[in-house]
Protein chains: 2
Amino acid sequence: MSLPHALLTALLEKPSSGSELTRRFDRSIGYFWSATHQQIYRELGKLERAGLIRTLPGGAPTRGQKKEYEVLPEGRAELVRWVDQREDPKVARDPLPLRLRAAGVVGLGGLVDELRRHRDLHRARLAEYREFDRRDYADEPSTQQERVQRLVLRGGIDVEAGWISWLTRAVEELSGEAPEEDTAGTDP
Amino acid sequence: MSLPHALLTALLEKPSSGSELTRRFDRSIGYFWSATHQQIYRELGKLERAGLIRTLPGGAPTRGQKKEYEVLPEGRAELVRWVDQREDPKVARDPLPLRLRAAGVVGLGGLVDELRRHRDLHRARLAEYREFDRRDYADEPSTQQERVQRLVLRGGIDVEAGWISWLTRAVEELSGEAPEEDTAGTDP
DNA sequence: ACAAGCATGTAATTTGTTACATGATTAT
DNA sequence: ATAATCATGTAACAAATTACATGCTTGT
């Protein structure tokens, strides 16, 4: 049940329309959650019916028009409750290691190339995150909100770095490639 | 669509019943996928109807009795196809960083304690994985299957280490705690 | 023979994915 | 004006979660 709370958070940071939220989910929010625009529209409807958010007064009610939402006190209260609850970590869920394990039984096929491809995609994502980090938090963060947002971005960076280190080792071991030099770079 | 393929892999490694598969998903397979017994039973039924697996001859057909499955040639072929396809990496999906971001807006509440709790759970899981690594792969792996299984386990270890490093930093920064010494240990 | 636990299964709900449809806005 | 794009929305489906039900097996 994280999507509604992710939406509440995003709307508290800045009232937005569905399409704006979709774009924001591809960016900062998306380090640890993704959602299609359909999920977002459906969930916005639910949240509105539940009285947790409302459309900004003056929003046009017809189709195809922008429709901005803001969070109501009940929505904020629900978010507080969610932040404060206990919730155990879930196991990561990723098909790639699963495919590798399957390859252990039925043969590698072209999987090593696929591992290289993923390694490169993760490297690109890591570079992008580091760029965000440099650009958006150049000077010491002032507000608690900024400090926390930077921490979350750091989480994304750590996770990407972890994948790269694993994929690099896997490719080396399965292809007999020579180890490369420090491609992930050092921590800034 | 990873669950059916995870099941095919597990069954190729060793024909099993639903409850055995459930247990195996809590162990080795579970480094990167989880499933409840209900998901597993339903999916086994589907795979059987699709002609990808069958019950071992001699299995009792009544309820409450063990029912062992094995993979048919069509199932193996499907697995080969899956291993060899292209599939882009998905973004990680974890509520904890999301909750942290929400806390940036509505206040931390008891979240720092929750971060500590998660850090400790990840430490415990990491210790467990390292124990598996030591126990199950003490000597150099001989078969391709063993090499690959060990690589997957290493993936689990890398991911856990990444979480621990992030959570440790987050707790330090949000609580003003003094940095600790090397709790994750060094790579064996 | 009875309780406790195990193995399988059904049902209902929620969440996520994919495909498609329609009204508004913008650029040429 | 009209094509391309944007924003919102509907529909159908697949996957995952939660709760509950029923028959076997084992130990006492």
Side-chain angles (χ1 to χ4, degrees), chain A residues 1-8 10-11 15-26 29-30 32-50 53-56 58-69 78 82 87-95 98, chain B residues 1-8 11 15-26 29-30 32-50 53-56 58-69 82 87-95 98:
Chain A
M1 280 280 295
S2 299
L3 178 57
H5 300 99
L7 290 172
L8 289 171
L11 288 176
S16 309
S17 69
S19 58
E20 283 165 350
L21 287 166
T22 305
R23 282 190 293 272
R24 291 174 64 196
F25 264 73
D26 288 337
I29 315 268
F32 290 106
W33 208 265
S34 68
T36 62
H37 79 270
Q38 293 86 343
Q39 272 178 283
I40 290 172
Y41 283 118
R42 185 174 27 163
E43 200 63 41
L44 286 173
K46 264 194 189 177
L47 289 170
E48 188 176 22
R49 283 193 300 278
I53 64 176
R54 69 167 181 190
T55 59
L56 276 183
T62 63
R63 199 183 183 126
Q65 300 257 66
K66 263 198 189 171
K67 204 166 137 191
E68 297 233 306
Y69 290 95
E78 168 56 29
W82 182 68
E87 192 183 321
D88 284 342
K90 309 218 182 287
V91 286
R93 205 165 232 182
D94 198 288
L98 236 49
Chain B
M1 280 278 294
S2 300
L3 178 56
H5 300 99
L7 289 172
L8 289 171
L11 288 176
S16 308
S17 68
S19 58
E20 283 164 351
L21 286 167
T22 305
R23 282 190 293 272
R24 290 173 65 195
F25 264 73
D26 288 337
I29 316 267
F32 290 105
W33 208 266
S34 67
T36 62
H37 75 102
Q38 293 86 343
Q39 273 178 282
I40 289 173
Y41 283 118
R42 183 173 29 157
E43 200 63 42
L44 286 172
K46 265 195 188 176
L47 288 170
E48 188 175 22
R49 283 193 299 280
I53 63 175
R54 69 166 181 191
T55 59
L56 276 183
T62 63
R63 199 180 183 129
Q65 300 257 66
K66 263 200 189 167
K67 203 166 137 190
E68 298 232 305
Y69 290 94
W82 182 68
E87 193 183 320
D88 285 342
K90 311 218 180 287
V91 287
R93 207 165 233 182
D94 199 288
L98 235 50

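A, B, ... follow the sequence lines: proteins, then strands. Residue 1 opens every chain.
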Sorted by number, residues from residues 88-95 of chain B placing a heavy atom under 4.0 Å from DNA chain C are B:R93

Between NZ of A:K46 and P of D:dT10 the distance, given in whole Å, is 14 Å

Rounded to the nearest 0.5 angstrom, the CG-CG distance for A:L44 and A:L7 is 5.5 Å

Contacts satisfying salt bridge (charged side-chain N to carboxylate O under 4.0 Å, His left out) that involve residues 32-49 of chain A (not counting sequence neighbours) are none

Give a yes/no on whether any side-chain N or O of A:K66 is located under 4.0 angstrom from OP1 or OP2 of C:dT25. no

Between NZ of B:K67 and P of D:dT22 the distance, given in whole Å, is 18 Å

The answer to which of A:P4 and B:E20 contacts DNA chain C further toward the 5' end, by nearest nucleotide, is B:E20

Closest of C:dT8, C:dG16, C:dG9 to the B:S17 side chain is C:dT8

To the nearest angstrom, the CG-P distance between A:L44 and C:dG16 comes to 14 Å

In whole angstroms, the gap separating P of D:dA7 from OH of A:Y69 amounts to 15 Å

In whole angstroms, the gap separating P of D:dC6 from CG of A:D26 amounts to 13 Å

With sequence neighbours left out, the residues meeting salt bridge (charged side-chain N to carboxylate O under 4.0 Å, His left out) with B:E20 are B:K66

Sequence neighbours excluded, the answer for ring-ring contact (aromatic ring centres under 6.0 Å, His included) partners of B:W33 is none

Per the under-4.0 Å heavy-atom filter, residues of residues 32-42 of chain B near DNA chain D come out as B:W33, B:T36, B:Q38, B:Q39, B:R42

Taken to the nearest 0.5 Å, the spacing of B:E68 CD from B:L21 CG works out to 9.0 Å

Residues passing the salt bridge (charged side-chain N to carboxylate O under 4.0 Å, His left out) test with A:R23, sequence neighbours excluded, are none

The salt bridge (charged side-chain N to carboxylate O under 4.0 Å, His left out) partners of B:R54 (sequence neighbours excluded) come to B:E70

In whole angstroms, the gap separating P of C:dT17 from CD of A:E43 amounts to 13 Å

Whole-Å distance, A:R24 CZ to D:dA7 P, equals 14 Å

- request: Taking only the side-chain nitrogens and oxygens of B:S19, find out if one of them lies under 4.0 Å from OP1 or OP2 of C:dT8.
  value: yes

Residue set satisfying salt bridge (charged side-chain N to carboxylate O under 4.0 Å, His left out) with A:R24, at least two apart, ordered chain then number -> A:E13

Residues at least two apart in sequence or cross-chain that pass ring-ring contact (aromatic ring centres under 6.0 Å, His included) with A:F25, listed by chain then number, are none

